[in-house]
Peer 1: 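After the structure tokens below, expect a handful of questions from me.
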Amino acid sequence: MRIEQDLKLGFKDVLFRPKRSTLKSRSQVELTRSYTFKHSRREWSGVPIIAANMDSVVTFEMAETLASHNVMTAIHKHYSVEEWATFINKTDTNVLNNVMVSSGTSEADFQKTKQIMALTDDLIFICVDIANGYSEHLVDYVERVRAEFPDKVISAGNVVTGDMVEELILAGADIVKVGIGPGSVCTTRVKTGVGYPQLSAIIECADSAHGLGGMIIGDGGCSCPGDVSKAFGGGADFVMLGGMLAGHQESGGEIIEQDGKQFMKFYGMSSQSAMKKHSGGVAKYRAAEGKTVMLPYKGSVNATIEDIMGGVRSTCTYVGAAKLKELTKRTTFIRVQEQENNVYGKE
Ligand code: 5GP
């Protein structure tokens, strides 16, 4: 047994230190980033925020709406090839360039990914996603996906430490997805005691990825626009959001009325709700590692995504970053023991 004494930080442990700036208005801040990916050599431009591949967050409609803001959507893996075909047939190239096709690591996942990718050349992102990215099996699978799709952008995860980020990039991942346990409907830390504070995971993993010319997605744990900024400030190339984008018209859930108020169900992909829906229940050998919650219904996602982007632009003006690209180098985090003042309740 060993204990690491270095302090590890979550979003709630820090704030940005403001810096002198010549920027007059947040409207001057450019959130679009242009990336060229390590292995695929693909180029992509857009706002590097991604809706999480959870079936109570994203639908094809979510992808269409977010693409109109140049924001990405990771489509969950439970759509059939036929449903993909219908979506592709009515959808313009900009939308398809901004979606990720999710895959687990089974043979069936591999075959299905091949069928979906064969539908059109406009799909360029593949998101290989398992809860525990420390499995050797993931590394083998990423090598196989890279060999099959040399010119597609491959994301792989989830991990939280630099050693595994490097291994996945060397195996063929362009992007590594970072986060174990921070998610809003995740109970991994409670069920297993495993995890890593998300801001430190981002800082350390970004360092490892960038050293090899790779990139990272900070995945999970953002509860407000300020957290999204902190993830970018810590070095995330992309930030993935579940809960912040759940509960909307485009999330696809049923609207449930209770005491005159409207709610929508949101659940983790390893929750009992998800396993019941997709795998006929929780297998005997495993525990559910996700929650099911009811969120107040929030209407269309347009206002929410604009609020998030407005918040990130504003962060940039406070630290003097004219572009999102400059945010990390303009970032000094201060460690704090307080965040917002809740005297009149929570925002
Ligand atoms: P959020 O933005 O809601 O805080 O986090 C979203 C992320 O939580 C997802 O992208 C995914 O990585 C993670 N996640 C989703 N469902 C589950 C689950 O059931 N269990 C765990 N451990 N993590 C989940």
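Every number for a ligand or one of its atoms is a count from 1 in the order of the listing.
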Peer 1: Between Pro182 and ligand 1, is there a nitrogen or oxygen pair with a distance under 3.5 Å?
Peer 2: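 No.
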Peer 1: Taking atom OG of Ser251 and atom OH of Tyr297, what is their separation to the nearest 0.5 Å?
Peer 2: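 One finds 8.5 Å between OG of Ser251 and OH of Tyr297.
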Peer 1: May I ask you to check whether Thr188 has an N/O atom sitting below 3.5 Å from an N/O atom of ligand 1?
Peer 2: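 N/O-N/O distance below 3.5 Å exists for this pair.
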Peer 1: A quick test of your reading: do over 12 heavy atoms of other residues, nucleotides or ligands sit less than 6.0 Å from NZ of Lys276?
Peer 2: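 Not buried by this count: 12 neighbours or fewer within 6.0 Å.
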Peer 1: Which residue holds the protein heavy atom closest to atom 14 (N) of ligand 1, what is that atom called, and what is the gap in Å?
Peer 2: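 Here the nearest protein heavy atom works out to Met54 CE, 4.5 Å.
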Peer 1: Looking only at protein heavy atoms, which one is nearest to atom 20 (N) of ligand 1, and how far off is it?
Peer 2: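 The closest heavy atom on the protein side is Glu289 O, 2.6 Å.
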Peer 1: Would you say the side chain of Leu123 lies within less than 4.5 Å of the side chain of Phe149, judging by non-hydrogen atoms?
Peer 2: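 Not in contact.
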Peer 1: Among protein heavy atoms, which lies nearest atom 17 (C) of ligand 1, and at what distance?
Peer 2: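 Result: Met269 N, 3.5 Å.
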Peer 1: Might you confirm whether atom CD of Gln249 has over 12 heavy atoms from other residues, nucleotides or ligands at distances under 6.0 Å?
Peer 2: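 Yes, CD of Gln249 has more than 12 neighbouring heavy atoms, counting only those of other groups under 6.0 Å.
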Peer 1: So Leu245 and Ile308, side-chain contact (heavy atoms from CB on, under 4.5 Å) or not? Walk me through it.
Peer 2: CA-CA 10 Å; Leu245 301 178; Ile308 294 169; 4.1 Å; yes
Peer 1: For the ring pair Phe238 and Tyr35, is the centre-to-centre distance below 6.0 Å?
Peer 2: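 Yes: the rings meet the under 6.0 Å criterion.
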Peer 1: Tell me, do Asp109 and Tyr141 make a side-chain contact under 4.5 Å, heavy atoms counted?
Peer 2: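 Result yes, sub-4.5 Å side-chain heavy-atom pair found.
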Peer 1: Counting heavy atoms only, which of Asp227, Leu245, Asp219 comes nearest to atom 10 (O) of ligand 1?
Peer 2: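 That would be Asp219.
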Peer 1: In terms of hydrophobic clustering (I, L, V, M, F, W, Y; side-chain heavy atoms under 4.5 Å; direct or indirect links), are Trp44 and Leu96 co-clustered?
Peer 2: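 Not linked; separate clusters.
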Peer 1: Which atoms of ligand 1 are found less than 4.0 Å from any heavy atom of Leu241?
Peer 2: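 Those atoms are 2 (O).
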Peer 1: Of the protein's non-hydrogen atoms, which lies at the shortest distance from atom 8 (O) of ligand 1, and what is that distance?
Peer 2: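 The closest one turns out to be Gly183 CA, 3.8 Å.
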Peer 1: For ligand 1, which is the ligand I care about here, please tell me if Met244 has any N or O atom under 3.5 Å from one of the ligand's N or O atoms.
Peer 2: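 No; the residue has no nitrogen or oxygen that sits under 3.5 Å from a nitrogen or oxygen of the ligand.
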Peer 1: Does the pair Arg42/Asp151 count as a salt bridge with the N-to-O cut at 4.0 Å?
Peer 2: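 Result for this pair is yes, salt bridge flagged.
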Peer 1: Could Glu340 and Lys346 be called an ion pair, given the rule that one side-chain N must be under 4.0 Å from one carboxylate O?
Peer 2: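 Salt bridge present between Glu340 and Lys346.
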Peer 1: Taking 4.0 Å as the limit for heavy-atom contacts, which would you say applies to Ser270 with ligand 1: side chain only, backbone only, both, or neither?
Peer 2: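 The part of Ser270 near ligand 1 is both the backbone and the side chain.
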Peer 1: Any idea which atoms of ligand 1 are less than 4.0 Å away from a heavy-atom of Met240?
Peer 2: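 Listed by number with element: 10 (O).
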Peer 1: What protein heavy atom is closest to atom 5 (O) of ligand 1, reported as residue, atom name and distance in Å?
Peer 2: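 Checked against all protein heavy atoms, atom 5 (O) of ligand 1 sits closest to Gly220 CA, 3.3 Å.
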Peer 1: Among the heavy atoms of Ala131, does any lie under 4.0 Å from an atom of ligand 1?
Peer 2: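 No; Ala131 lies far enough from ligand 1 that no heavy-atom distance drops under 4.0 Å.
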Peer 1: Need the ligand 1 atom indices (1-based, order shown) with element for anything under 4.0 Å from a heavy-atom of Ala52.
Peer 2: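 Near Ala52, meaning under 4.0 Å from one of its heavy atoms, ligand 1 has 10 (O).
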Peer 1: Could you check atom 23 (N) of ligand 1 against the protein and tell me its nearest heavy-atom contact, residue, atom and distance included?
Peer 2: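 Going by distance alone, atom 23 (N) of ligand 1 is nearest to Cys186 CB, 3.5 Å.
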Peer 1: Among all the protein's non-hydrogen atoms, which is closest to atom 3 (O) of ligand 1, and how far away is it?
Peer 2: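 Nearest protein contact, heavy atoms only, for atom 3 (O) of ligand 1 is Ser184 OG, 2.5 Å.
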Peer 1: Below 4.0 angstrom from a heavy atom of Gly243, which ligand 1 atoms are there? Numbered from 1 as shown, please.
Peer 2: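 It comes down to these atoms of ligand 1: 1 (P), 2 (O), 3 (O).
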Peer 1: Assess Ser271 for proximity to ligand 1: is some non-hydrogen atom of it under 4.0 Å away?
Peer 2: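 A heavy atom of Ser271 does come that close to ligand 1.
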Peer 1: In terms of side-chain geometry, is the basic nitrogen of Lys277 or Asp55 positioned less than 4.0 Å from the acidic oxygen of its partner?
Peer 2: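 Salt bridge present between Lys277 and Asp55.
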Peer 1: Taking heavy atoms and a distance under 4.0 Å, where does Asn158 meet ligand 1: side chain, backbone, both or neither?
Peer 2: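 The side chain, only.
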Peer 1: Whether the side chain of Ser314 engages the backbone of Gly310 through a donor-acceptor N/O pair (distance < 3.5 Å, no angle test) should be reported.
Peer 2: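 No: the side chain of Ser314 does not pair with the backbone of Gly310.
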Peer 1: Among protein heavy atoms, which lies nearest atom 2 (O) of ligand 1, and at what distance?
Peer 2: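 For atom 2 (O) of ligand 1, the nearest protein heavy atom is Gly242 N, 2.7 Å.
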